[in-house]
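Everything numeric in this text was worked out from a predicted model, so none of it was measured.
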Amino acid sequence: MKKLSFLLILAFSLSSLQSQIVGVSNDKLVVVGAEVIGPKTFEFEPGFGYIWSTKTFDENGKLVSLNPENDSTQVLQALGFRFTYGFAKNFEIGTSITSDLNTFGLGIKYTFLEKEKNVLAAFLGTTFSNESDFVLRNIGIFGKTASVGGGFAYMAKFSEKLSLDIDVQYQNVFDIKQSYSDDLFSAAEIGYRFPKHVQLIGGFNFRYKHFKIDRPDAWLLTFNPGITVNPGKSFVMILYSPFDLIGRNVDKFNGLIFALTITLN
């Protein structure tokens with residue numbers, strides 16, 4: 001077995017199509033939530049991810065072995081932390097960082113529409129990474145590449161128990177000399193709340209990377225089933241398993257991700 005270490009920022013499945021806007025809160029698994037945490041409220045969220053792959057999607061979308069010559073498995077694992085603060089009404093700011101300090105991200109989110117059972121928010125963010133498959137040179141303290149992006153999040157509350165969250169995002173990855181890719185992300189998840197504060201969740205997220213260098217574009221569709229459990233007012237446990245379904249020019253992963261959200265008022 002070939003074992004590799006990699007970065008994790010929750011709200012994305014670990015793959016070469018990362019990363020999305022980080023540091024902002026959510027109510028479900030991967031999708032960015034349209035609601036924000038309350039003013040002067042602080043959220044701390046440690047999370048651990050472990051995923052593995054034995055196959056890759058080729059340029060035709062066909063599954064092939066990672067290494068036809070032997071039975072190798074690629075294992076990616078990492079620990080990450082999110083810190084989010086309710087700066088004002090309808091506005092939050094946050095940051096995410098990996099335990100190895102290779103990736104650091106900042107994000108802000110503003111809820112600008114709350115009407116009956118519909119909520120709409122906008123968010124922006126930037127990420128600095130020392131883990132990059134684009135370039136080999138280092139551009140300083142922030143690492144090899146950076147990204148900036150933004151998007152919108154929408155929530156529909158069908159009832160007190162049933163809700164739907166959707167987000168769409170765009171980002172650009174670059175360094176000090178050139179732009180490397182334009183990326184699109186979208187996720188949708190539906191959740192149903194049971195008694196004893198358990199929420200059953202299922203959804204999909206799609207990622208598309210358009211390279212501006214001599215490299216073919218890549219895309220990936222992932223299914224995310226999971227649960228959130230709220231045993232107390234200040235704690236939420238999140239557990240889900242991403243399963244990559246179809247894609248092109250990207251490895252196929254399965255895995256397990258766990259996070260614990262701690263809220264302080």
Side-chain angles (χ1 to χ4, degrees), residues 4-26 30-33 45 47 49 51 76 78-84 92-110 121-153 166-187 205-222 242 244 247-251 253 257:
L4 306 174
S5 64
F6 203 61
L7 59 93
L8 167 69
I9 297 179
L10 299 175
F12 73 102
S13 64
L14 296 167
S15 74
S16 63
L17 297 185
Q18 99 247 346
S19 62
Q20 303 175 47
I21 305 300
V22 298
V24 292
S25 62
N26 66 335
V30 174
V31 65
V32 174
E45 185 178 84
I51 62 175
L76 311 181
L79 177 67
F81 304 92
R82 174 175 66 85
F83 307 86
T84 306
E92 68 181 33
I93 60 176
T95 181
S96 291
I97 190 168
T98 53
S99 60
D100 57 10
L101 305 182
N102 274 327
T103 300
F104 172 74
L106 296 169
I108 61 174
K109 182 170 63 174
Y110 177 71
F123 52 91
L124 298 170
T126 183
T127 301
F128 304 95
S129 179
N130 197 42
E131 297 282 352
S132 174
D133 55 1
F134 296 116
V135 290
L136 297 177
R137 62 181 177 276
N138 196 304
I139 62 174
I141 188 173
F142 293 125
K144 297 185 178 77
T145 59
S147 68
V148 293
F152 295 93
I166 300 172
D167 75 43
V168 291
Q169 305 181 37
Y170 162 82
Q171 79 168 6
N172 177 258
V173 180
F174 60 92
D175 68 5
I176 56 176
K177 291 189 175 181
Q178 72 179 96
S179 173
Y180 290 95
S181 72
D182 290 314
D183 307 332
L184 294 175
F185 307 94
S186 183
N205 64 298
F206 177 80
R207 301 178 290 285
Y208 185 91
K209 180 177 283 290
H210 170 63
F211 288 101
K212 297 182 177 181
I213 55 179
D214 186 18
R215 188 167 169 177
D217 290 358
W219 61 269
L220 184 67
L221 179 67
T222 303
D244 293 340
R248 187 178 68 187
N249 297 318
V250 66
D251 294 339
F253 282 96
I257 294 177

Rounded distance (nearest 0.5 Å) linking atom CZ of F152 with atom CD1 of I166: 14.0 Å

Measure the shortest side-chain to side-chain distance between P216 and F211 over non-hydrogen atoms and say whether it is less than 4.5 angstrom. no

Test item: E45 and S96 side chains (from C-beta on) under 4.5 Å apart, heavy atoms: no

Work out which heavy atom in H210 is nearest to a heavy atom in D217; give both atom names and the distance. ND1-OD2, 3.0 Å

Using atom types as modelled and distance alone, determine if a side-chain donor or acceptor of D167 lies under 3.5 Å from a backbone N or O of V31. no

Might you point out which heavy atoms bring I257 and P242 nearest each other, and give the distance in Å? CD1-CG, 4.3 Å

Is there side-chain contact between Q178 and I213, with at least one heavy-atom pair below 4.5 Å? yes

Measuring from L106:CG to I97:CD1, what's the distance to the nearest 0.5 Å? 10.0 Å

Distance from F174 atom CZ to D182 atom CG, nearest 0.5 Å? 11.5 Å

Less than 4.5 Å apart, any side-chain heavy atom of R215 and any of Y180? no

Under a 4.5 Å cut-off applied to non-hydrogen side-chain atoms, are K209 and V173 in contact? yes

Using side chain to side chain contact (heavy atoms under 4.5 Å, CB included) as the criterion, point out the one residue from D251, T222, V250 that pairs with D244. T222

The criterion is ring-ring contact (aromatic ring centres under 6.0 Å, His included); which residues satisfy it with F83, sequence neighbours excluded? F44

If we only count heavy atoms from C-beta on, is the T127 to Q171 side-chain gap below 4.5 Å? no

Between S179 and K212, what is the shortest heavy-atom contact and its length? OG-NZ, 3.3 Å

The reported gap from OH in Y208 to CZ in F185 (rounded to nearest 0.5 angstrom) is 13.0 Å

Under a 3.5 Å distance rule, please check whether N172 uses its side chain to pair with a backbone N or O of G149 as donor and acceptor. no

A146 versus F128, closest heavy-atom pair with distance: CB-CD2, 3.7 Å

Closest heavy-atom pair, F81 versus S99, reported as atoms and distance to 0.1 Å, is CE1-CB, 4.0 Å

Ignoring hydrogens and geometry, is there a side-chain-to-backbone donor-acceptor pair from K109 to S25 under 3.5 Å? yes

So how far is it from I51 CD1 to L76 CG, rounded to the nearest 0.5 Å? 4.5 Å

